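Here is the structure we will look at.
Whatever order the structure lists ligands and atoms in, that order sets their numbers, starting from 1. Residue numbers run from 1 in the order of the sequence given. Since this is a predicted model, take the numbers as computed values, not measurements.
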Amino acid sequence: MRVSINDIRDMKRKGQRIAMVTAYDYPTAKLVDEAGIPMILVGDSLGQVVLGYESTVRVTMEDMLHHIKAVMRGAQHALVIADMPFMSYQADVATAIRNAGRMLQEGGAGAVKLEGGEHMAETVRRIVECGIPVQGHIGLTPQSVYQLGGYKVQGRTLKAAAKLIRDAQALEEAGAFSIVLESVPAPLSRLITQRLGVPTIGIGAGPHCDGQVQVLHDMMGMFTDFVPKHAKRYATLGDIFKAAMAQYIKEVQDGAFPTAKESFTMDEAVLAELTSDPRPRVTTD
Ligand code: KIV
């Protein structure tokens, strides 16, 4: 049975911490799903860690749908959440509903995530009314990086902290089934988590959230341009990858690969006939 938004809400009620991770393709979705992750986010972080863009702003609906379909083929149990890319929901509610619908109808996702607090609450409400589960995302919202002036911790002043609390409450009232808190001081995340009925999922938001999300390529050491402060390296797959590749290159150069084990045989009689035939293989007239 696939994890539902009710299962996720129940986890908060039961005091069970929720692990969420990003995935962008079939093999990694299959691996994280088989490891038992309850929620997979096909994040627009895709833009940076897979497509090599400087920010998430360049990611399109078509990019997202392409990767969501691959993740859905790999993940059999987790709730898969589709990130709504920049400008797929901001311009007007009708466009937001249409694009959110595409994530479920064409992509096969079970929910969508979008960035923004109070000002997006009406959009969230209308999408939810259409039967599409929504995860909110407040604090550092990377799609607004140019407006925010960089990837900075949010909610440090009284005014900014009060605004984040209002944002979280507005999203819950609008029907969001959970809310991502990104780059928010830990004590503020605790306050927000205590005040909400729906689970908070933190990234750079301290240990008091109901759950945590990590970008797969950061935690596995597959994205090496930089390591965000909120990321913990659980493996260094990039190093393992490069060492394996260096060995492959060397073995090809040395003639050590392939061996008989990786090669195919053929009938000796056919081979004998071929090698005893003196005729040239190609004739020109
Ligand atoms: O796109 C993403 O990976 C995200 C997470 C950082 C929450 O939005």
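Residue contact check: Thr22 has heavy atoms under 4.0 Å from atoms 3 (O) of ligand 1. Taking every heavy atom of Asp83 and a limit of under 4.0 angstrom, the matching atoms of ligand 1 come to 1 (O), 2 (C), 8 (O).
Within the 4.0 Å heavy-atom shell around ligand 1 one finds Lys113.
Ligand 1 has no nitrogen or oxygen under 3.5 angstrom from a nitrogen or oxygen of Glu182. Residue Ser45 has at least one N or O atom closer than 3.5 Å to an N or O atom of ligand 1.
For Thr56, no heavy-atom contact with ligand 1 is shorter than 4.0 Å. Residue-level proximity to ligand 1 for Leu41 is carried by the side chain, the only part with a heavy atom below 4.0 angstrom.
Sparse packing is recorded around NE2 of His66, with 12 or fewer heavy atoms of other residues, nucleotides or ligands lying under 6.0 Å away.
The main-chain N or O of Asp167 is never found under 3.5 Å from a side-chain atom of Gln169 such that the two would form a donor-acceptor pair.
Nearest protein neighbour of atom 6 (C) of ligand 1, counting heavy atoms only, is Ile203 CD1, 3.7 Å.
Under 4.0 Å is where a charged nitrogen must lie from a carboxylate oxygen, and between Arg13 and Asp10 at least one such pair does.
Both tests hold for Lys232 against Tyr234: distance to the six-membered ring centre under 6.0 Å, angle to the ring axis within 45°.
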